[in-house]
Each structure stands twice: as C-alpha cells, then as structure tokens.
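One structure is given here, and the rest of the page talks about it.
Within every chain, numbering begins at 1; the chains are lettered A, B, ... in the order of the sequence lines, protein sequences first and strands thereafter.
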Amino acid sequence: MSSNDVEMKEAGTVPVEASAGAGGAAAESAAVAGSAAATSAASVDAGKPVAVPAEAAPAPAEPQKPEPEDHRKTGVSDEVVVEFDHVTKTYHLYKNDKGRLLGVFGVRKPGWFLGDVNANNNLTFKIRKGEAVAFLGRNGAGKSTALKMITGVVYPTEGEVKVNGRVSALLELTAGFDMKLTGRENIALRGQIMGLSNEEIARLEPKVIEFADLGLYIDQPMRTYSSGMKARLGFGFAVGTDPEILVVDEALSVGDKAFKEKCVKRIREIMMDENVTVLFVSHSSSTVREFCSRGIVLDHGTEVFDGPIEEAVAYYETNY
Amino acid sequence: MLSTLSEILRDNWEWRHQIGRLSIFELVKKSRGAVLGWGWFFIKPAMYDFCFWFALDMGLRQGAASGSGAPYILWLCAGIIPWFFMQDMINTGTDVLHRYPYLVNKIKFPISSISTIYTCATLIVQLMLMVVLFAIYFLCGQPLDVYLLQVPVLLVLMFVFWDMVSIAFSELSAVSKDVANLIQALSTPVFWLSGVIFNVFGIGIPWIQAILNFNPVTFFVTSFRSAFYDKVWIWEHPGLCIGFAVVFVVTFLFMVFVYKRLNKEVPDVL
C-alpha cells in the first residue's frame, strides 16, 4: 500500500497527481478513482453515474491493522507482469448461427445481427510481479472476460494485453481435460501442452496426484469421475505447476469443506512466494480482503476504481 | 494476408512439439478400450478394400490388367488407401474444433494447430497403411523404380492441402452447424464423383472429365495410381494438375480469409 497505486494509474490517462501528493490514503484513492473515471469517458453506459471520486472513497476503517492479515502480499517488484493497454473486448451478438455465418462474410442482415456488447471497455492497468489483485464487480461486469484474456484463450478486440510469465488458471476447474483419457494421461497431456519436458512432467505428476487424492481412480477415464473429483484434479494441476501468475475465479466455491481448506492453504503457500502474482475474482469480500492487497472494481466492462483493497471493497459495497 | 499466413506458420512451428505429442494422444484415444487396439487402424480399411475388390473385380468384372501386368487389387489399393486419409479429413477434420473444445477456450493453444494435430494423427495412420501398400506392391512383384519418388511428395502435398481445408472449415463449422453438415453431406458425392473406384480417363466425355479434374480427391487418387500402377509422372496429366492447382490456390485464399475473420472470434462462440 504505497505510492505504487498512483504511479500505476499514471500510465492510464490524466495525471491527477496533485491531490495524491499529500500521501493520505483517502486522497490517494481519490486520485485513483478520479483518473479511473476519466479513463471510462467513452463507456457504453455513459448514462450511469460513474464514481464521484470524493465521496466514493471513504477512508478505510483501520488503515494499519497489525498482525493477523499476514497472507497479503507485500513484496512487490517493479517488473510488470500483466499489462492492459486500452483493452476493449466486444462480443458480436447474432440471432442465430445463420446470422453469424453471414457475418463472417461481412453481411450483417438487420434482424439477424443484434448488436455489439463491450464486455471490457477501454481497460488500462498494470499489475506488477508479486501483487495480489482482486477484481470486484457484479455479475456481467467483465471480470471473467478480463481474466480469460490474461490466460490467453480469448483475444481483445482492441488494444493489447501483455502477459509475462506462466499463467495457471483456476477458471473452471473441471474444464480443460479430455474426458476419454485417464487422470494420469490428462496430467501428461496438460503438461505437454504447457511445453513441459518429460522430466518436469514426471516431477509434476506425483505432486498433482497427491493433492488430488483420487486413489485408484487416477488411472480411470475422466468421464467416470464425479464433479468433485474433476475439480480436485483440476485444482491439483493448476497449483502443481508452480505458476508465476495464478488466476483464481470463484474456484474456491467447489468441493467439500476439507478440500476447500486444503485449497485455501495451498493458495496461501503459493502466495508466500514473492514472485507469484495472484489475480482473484470473488464476490466474497472476506476472502478478497484476506488474500489481496489491491482491488480493481469493474462496472459494465469499465474500470471504476483501482486502489488498495480495503477502499476497493468499501467502494464496491457502497456503490453496488 | 502475408501476416495471417506467417501467423499460422509461426504458431504451428512454435507449437510443433505439442502438436506431435497431441497427435499421438489422438491415436491413443481412438484405439482406447479396444482389445485389438491399433489393429483397428488396419482392419477397417482391409474390410473396405475387400468389399470393393469383390464387388468390382469379381462381381462387375471391371478389373483390367494394366500394361505392366499388375493385378487389379494393386490398382484398387493405390487409390483407396489415400482415400482413407481424405475421408477422415472430410468427415472429422472439417469439424475438429468440436472434438477439442477444451483446447479452444480453456487452454491457450493456437486454433490452427488443432487442425494440424488431427491431420498429423491421420497422416500417421496413413503412413502405416502406406507400409501395407508397399508390401502389397512388392508382393505383386512390382519393381522399385523412380516413379515411386512421387509418393513422399504426394503425401506432403496431401498433408498441406487437407490441413488447409481443415483449418478453414473447422472454424466455419465451429460457428455454424450448417457448414459441418454440408461438408459431411458432400463426402459421399466427392467419393463417387472422383476416380477412387473407376478410372477417370475412361469416361470419354471431355466436359465431365474436366469437371472431375477439379475434385482434389481425383487428383490425389490418380496421382498415387500414377506412381504405383500406371507408372507415369503426375505432370503427364496436365488437366488434372491445373485443376488441382486452381483448387489449391482457392482453398489457400479461402483459408486465409476465414482465419483472419474468425480466428479471434471462435473462442467466444464455441
């Protein structure tokens, strides 16, 4: 929680730094929110009241809480690992597949082409190595789209997403496996897709198996797994690969209590490593507060707040 | 356009190790759960071959000895074995993204390379069948000669061409089920209106023959037969070469166009 946050926004647009000079937490975040609002000028829903900075950022209740919240990451280096540069993601919506097929050939028949939706609208931010950042926002605010672009499976329509480092995503734990292959083969398959060598996969395999704790099922085809088993394997794989950037999207809501605790414990261990950057999406303010040091609030694809986590959570809870 | 092409080539080159390993996995998956395992890659074509041989040579008395005196079965195999590759590419290769949805929108993986995975896997099976074809060839007492040099060239050409077809059509199939159905419906006419089970040069009606020249299946089948049976060079059938060259260029342009339009949109809709 330093001047980092302000510096980060400078890259965005309007430097509102004058007010941040004072160094007070409230002033700082006001500056942040201010420039965030400026960034979002071209929003789709311009009619919506966008963050009035001054009142939007109430001073945090306890600015310096001493001991118990040690899981938060502190060691932040200057190296930027994730950079969004004016990123807009537009989904083209058609009434049906026929319309979409015609759309490929440049024909947008009225009635078949329903319109464009900007899931992310002109997002600009930088995340440095070792940070733990929470994305807050209501359903449909564009959090998952942003995370998907970071994992590289979805491409921005405009702008550029730069990612340095090995991303491991806990987006949908049960996804990304081939149901016809066994658990063990899937570990090898995923490892190979990531470009690991055979030795690395041999080292990874016992770690994943141990974490997933599937017993004999590890050599059974995955279509015979229960959803909990798939999730365990998925989580085991995602955390077993020593990620440099860990993306967690509501993943902790799966599994029984014991497994959840195991997951949380493992995420904490990973976060202890100063070189790991964590991006977190959750609706649970307490989880977010526990893990993250910085929060970015999205609303209809537009960034409305970027600052220290307490303020971000407070902002989110007051406004939504 | 060049940038799109270089993007496709770069992706496929950078991910070549993964592509190689995933194509092995594709074969493992296909033979999974069967006692005979990899044997099925041979049994099915053998059945097919036998049926055509029986129907055409025994039943319809269509078989005719060539100048070199090679038996009809070699003529048949030299055409049908490449067809197995093309059949797989038409039926599954053109809708391969639905086969690997997790590579499209769950894991970072270049989309054009998914087609290459499937093409590689199919080519591996094809190479095994080629070994069988060569065995039949030598069993029929045919000599090792320069015309056989066409075989590796044709295999490479077949790989490139059908990989392009797969890239273009699987992206379209991902967007629209109509495309997948259309291509699969075309599979049967493409087979019967090609030279797989009859000699296109025996038709005798020039304009029909000219149309058939534009069927890529005709080109490959006839070319393989030129190498194994008729003992001529590909370019001794100029009409066929021109027809294929046109189809190749059109397919290439079409692939680049579709890829450029759809590559970034496919993960959103699949």
Side-chain angles (χ1 to χ4, degrees), chain A residues 89-94 96-106 117 119 144-145 148-158 163 166-169 171-182 185-186 188-198 201 221-223 234 237-238 247, chain B residues 7 11 14-34 98-111 113-114 117 168-169 171-182 254-255 257-270:
Chain A
K89 174 70 189 176
T90 309
Y91 288 112
H92 308 290
L93 301 183
Y94 295 87
N96 51 29
D97 286 350
K98 263 184 288 178
R100 188 174 293 281
L101 187 62
L102 285 179
V104 175
F105 298 98
V117 170
S144 295
T145 305
K148 271 187 174 171
M149 284 194 277
I150 293 169
T151 59
V153 294
V154 163
Y155 304 91
T157 315
E158 274 168 50
V163 177
R166 179 189 289 171
V167 182
S168 192
L171 286 174
E172 289 162 70
L173 288 178
T174 56
F177 289 107
D178 195 310
M179 292 301 144
K180 285 186 189 162
L181 298 173
T182 67
E185 283 170 334
N186 264 304
L189 178 81
R190 290 282 292 270
Q192 286 171 357
I193 294 173
M194 288 177 71
L196 303 180
S197 67
N198 284 338
I201 292 172
M222 273 193 76
R223 67 189 140 78
F237 185 86
V247 176
Chain B
E7 188 185 321
D11 279 348
E14 280 172 5
W15 292 77
R16 62 191 181 281
H17 298 296
Q18 284 93 327
I19 292 171
R21 285 154 142 187
L22 281 167
S23 39
I24 301 290
F25 264 110
E26 166 69 33
L27 293 179
V28 167
K29 229 163 67 179
K30 261 191 188 166
S31 58
R32 169 63 43 82
H98 277 121
R99 201 178 170 86
Y100 290 99
Y102 58 93
L103 285 182
V104 179
N105 54 16
K106 299 291 183 262
I107 304 174
K108 185 182 164 70
F109 198 84
I111 288 180
S113 303
I114 300 174
I117 292 172
F169 285 98
E171 295 207 0
L172 285 173
S173 299
V175 167
S176 160
K177 199 72 201 144
D178 295 298
V179 175
N181 288 337
L182 174 74
F254 184 65
M255 173 198 71
F257 170 79
V258 170
Y259 182 88
K260 203 171 173 182
R261 278 295 171 97
L262 272 183
N263 191 45
K264 297 195 167 165
E265 205 176 317
V266 163
D268 303 341
V269 294
L270 195 78

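At least one side-chain heavy atom of A/N198 sits under 4.5 Å from a side-chain heavy atom of B/R21. Between B/D268 and A/K89, the closest side-chain pair of non-hydrogen atoms falls below 4.5 Å. Taking the side chain as every heavy atom from C-beta outward, B/V28 and A/E185 approach each other to under 4.5 Å. A/Y94 is not listed as a side-chain neighbour of B/V175, based on a closest heavy-atom distance of 4.5 Å or more.
For B/L103, the part lying near chain A is the side chain, with the backbone staying farther off; criterion is any non-hydrogen pair under 4.5 Å. Within the 4.5 angstrom heavy-atom criterion, no atom of A/L93 approaches chain B. In this structure, the portion of B/V104 lying under 4.5 Å from any heavy atom of chain A is its backbone and not its side chain. Looking at B/L262, the atoms closer than 4.5 Å to chain A (heavy atoms on both sides) all sit in the side chain, from C-beta outward.
If you take CG on B/L22 and CG on A/D178, they are separated by 9.5 Å, rounding to the nearest 0.5 Å. Distance check: B/E26 CD to A/K180 NZ gives 7.5 Å after rounding to the nearest 0.5 Å.
Residues satisfying the side chain to side chain donor-acceptor pair (under 3.5 Å) criterion with B/R261, sequence neighbours excluded, are absent altogether. Scored by the side chain to side chain contact (heavy atoms under 4.5 Å, CB included) test, B/K177 finds B/D95, B/A180, B/N181 as partners (sequence neighbours excluded).
In terms of modelled atom types and a separation under 3.5 Å, the side chain of B/Q18 and the main chain of A/I193 share a donor-acceptor contact.
Nearest heavy atom pair, residue B/Y102 against residue A/F177, reads CD2-O, 3.9 Å.
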